[in-house]
Amino acid sequence: MPELPEVETTRRGIEPHVVGHCIRALLVHEPRLRWRVAADLPARVAGQKIRAAGRRAKFLLLELERGTLLLHLGMSGNLRVVPADAPRGKHDHIDLVLDSGELLRFNDPRRFGSLLFTTGDPAVHPLLAALAPEPLGDSFDADYLWRITRQRRVAVKQLIMNSRLVVGVGNIYASEALFRARIRPGREARRLSRPETAHLVRAIRRVLTNAVKAGGTTLRDYVGADGTPGYFRQQLDVYKREGQPCRRCRTPIRRRVQGQRATYWCPECQK
DNA sequence: ATGGGCACCTGGCTGC
DNA sequence: TGCAGCCAGGTGCCCA
């Protein structure tokens, strides 16, 4: 699913439809998500105004007057703004009914997503507290990546997908960023040179930024808040391109499984 | 502390 | 056509 660019695209899409609006009702048609939706959640949020729509890592944060809704899209989730009378489809699990006549509709075939609520500071919520810096924020720089890679023997691809080290980078953009940085995904993290850590930081930031500009990557389930797909797929250099020629050197792109996830790279360009 | 593997769930696609 | 098997954008948890 949804990695940082898809979540950010969703956030930008829903923001103008929700901020300043009041929640009329929360309809939970299927509470069995990654974590069961609390039975008292509808009563707790009904009547509250949505103050802001934020994001932390891959979580969408809807800040209410008293508390914050934490929504995660999992692997296959999407959030759309639809008219209140739009017919429900398969896997439409949750509707947030707004006073505008629209609703936020959460659809998630695999139900790996989640909807949680906290009345405290969301930053200290157990699921957010241990999260690493944002890859597009100031604290994610070459010094930081250099420091956290020094003692680690894990493959660099697995390292950049570890949300305790850097958030937002999922399986697609990990492969893409490493191609851009010309680093092989299987390299031990501690073997990266100082210049390579700088290249990798720049590559991660550039790939994520470009993907946000394109509205994210749609492989199957993902659509933005207005129902349109993301267009970054056509810009992918390696992901899902096994056997196809590298866009730089024409060498066939390779695929292997690393940490139970598919990894793609160019054996010629990446060292 | 680090790292590996499993689990959670549904559905699309491939190949026999 | 049917069906088994594999694959998929995430990540918490358990174990070594």
Side-chain angles (χ1 to χ4, degrees), chain A residues 1-11 29-37 55-60 70-79 89-94 106-116 125-132 135 147-177 185-191 204 207-208 211-212 214-224 229-236 238-243 255-264:
Chain A
M1 129 86 118
E3 302 184 35
L4 185 149
E6 292 74 34
V7 179
E8 179 60 21
T9 298
T10 299
R11 190 196 68 74
H29 304 108
E30 172 57 86
R32 295 174 303 162
L33 304 183
R34 173 86 197 257
W35 287 282
R36 172 172 273 273
V37 178
R55 178 186 60 75
R56 175 71 176 102
K58 296 172 190 169
F59 281 92
L60 281 165
L70 315 181
L71 182 83
H72 198 291
L73 300 177
M75 287 275 269
S76 57
N78 65 66
L79 195 59
K90 203 172 185 186
H91 307 305
D92 284 341
H93 304 313
I94 295 175
F106 177 64
N107 177 286
D108 183 9
R110 294 177 73 179
R111 287 192 276 118
F112 287 172
S114 54
L115 179 65
L116 301 159
H125 186 279
L127 291 179
L128 303 189
L131 291 177
R147 196 154 31 83
I148 63 172
T149 48
R150 286 315 80 195
Q151 300 294 93
R152 298 190 176 254
R153 315 170 89 104
V154 271
V156 60
K157 188 210 178 206
Q158 282 154 272
L159 180 131
I160 61 175
M161 289 179 68
N162 182 342
S163 63
R164 291 173 169 268
L165 302 175
V166 55
V167 301
V169 183
N171 205 38
I172 297 178
Y173 301 114
S175 283
E176 292 297 310
R187 288 266 301 281
E188 265 187 36
R190 61 177 183 165
R191 301 290 183 212
I204 289 171
V207 164
L208 295 177
V212 169
T217 299
T218 294
L219 297 173
R220 168 162 303 162
D221 305 290
Y222 174 75
V223 289
Y231 297 103
F232 195 70
R233 186 169 190 171
Q234 35 207 113
Q235 294 181 55
L236 296 178
V238 291
Y239 190 81
K240 282 273 164 87
R241 294 196 66 242
E242 182 184 18
R255 173 190 191 273
R256 80 175 178 105
V257 175
Q258 211 184 345
Q260 298 135 249
R261 313 299 300 276
T263 297
Y264 300 84

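Order of the sequence lines fixes the chain letters, A, B, ..., with proteins taken first and strands second; residue numbering starts at 1 for each chain.
- Comparing the P positions of dT11(C) and dA1(B) gives an interatomic distance of 23 Å, to the nearest angstrom.
- The phosphate of dG3(B) (OP1 or OP2) has no side-chain N or O of Gln158(A) nearer than 4.0 angstrom.
- Nucleic acid contact class of Asp108(A) (heavy atoms, under 4.0 Å, all strands): none.
- For Asn107(A) and Lys90(A), the side-chain atoms include no donor-acceptor pair closer than 3.5 Å.
- Taking every side-chain heavy atom of Met161(A) into account, dG10(C) is the closest of dA8(C), dG4(B), dG10(C).
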If a pair means Watson-Crick or G-U wobble with both distances below 3.5 Å, what does DNA chain B look like in dot-bracket form, with | marking bases paired to a different strand? .|||||||.|||||||

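- Distances shown here put a side-chain N or O of Arg111(A) below 4.0 Å from the OP1 or OP2 atom of dT10(B).
- Between dG10(C) and His72(A), no contact under 4.0 Å exists linking OP1 or OP2 to a side-chain N or O.
- Applying the side chain to side chain donor-acceptor pair (under 3.5 Å) rule to Thr149(A) yields no partners; only residues at least two apart in sequence or on another chain are considered.
- Taking side-chain N and O atoms only, Lys90(A) has a distance below 4.0 Å to OP1 or OP2 of dG11(B).
- Of the candidates dG3(B), dG12(C), dG11(B), the closest approach to any side-chain atom of Leu127(A) belongs to dG12(C).
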Interface polar pairs with nucleotides 14-16 of chain C, N/O, under 3.5 angstrom:
none

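- Nearest to the side-chain atoms of Arg110(A) among the listed nucleotides dG3(B), dG11(B), dA8(C) stands dA8(C).
- Considering only side-chain atoms of Arg152(A), the nucleotide from dT2(B), dG11(B), dG10(C) that sits closest is dT2(B).
- Each of Arg261(A) and Val257(A) has a nearest nucleotide on DNA chain C; the 5'-most of these lies closest to Val257(A).
- The separation between Leu33(A) atom CG and dT11(C) atom P is 15 Å, rounded to whole Å.
- Nearest nucleotide to the Trp35(A) side chain, out of dC8(B), dG12(C), dG11(B): dG12(C).
- Contacts of Arg153(A) with the nucleic acid, taken as non-hydrogen atoms under 4.0 Å apart, involve only primed sugar atoms and P, OP1 or OP2.
- Going from atom CG of Leu219(A) over to atom P of dG10(C) covers 10 Å, rounded to whole Å.
- Of the candidates dG4(B), dC7(C), dC9(B), the closest approach to any side-chain atom of Arg255(A) belongs to dC7(C).
- Rounding to whole angstrom units, CG of residue Asp221(A) and P of dC9(B) are separated by 17 Å.
- Across dA8(C), dG12(C), dG5(B), the shortest atom-to-atom separation from the side chain of Met75(A) is found for dA8(C).
- Within the 4.0 Å cut-off from OP1 or OP2 of dC9(B), not a single side-chain nitrogen or oxygen of His91(A) is found.
- In this structure, of dT11(C), dA8(C), dG11(B), it is dT11(C) that holds the atom nearest to the side chain of Lys58(A).
- Mapping Arg220(A) and Val154(A) onto DNA chain B by nearest heavy atom places Val154(A) closer to the 5' end of the strand.
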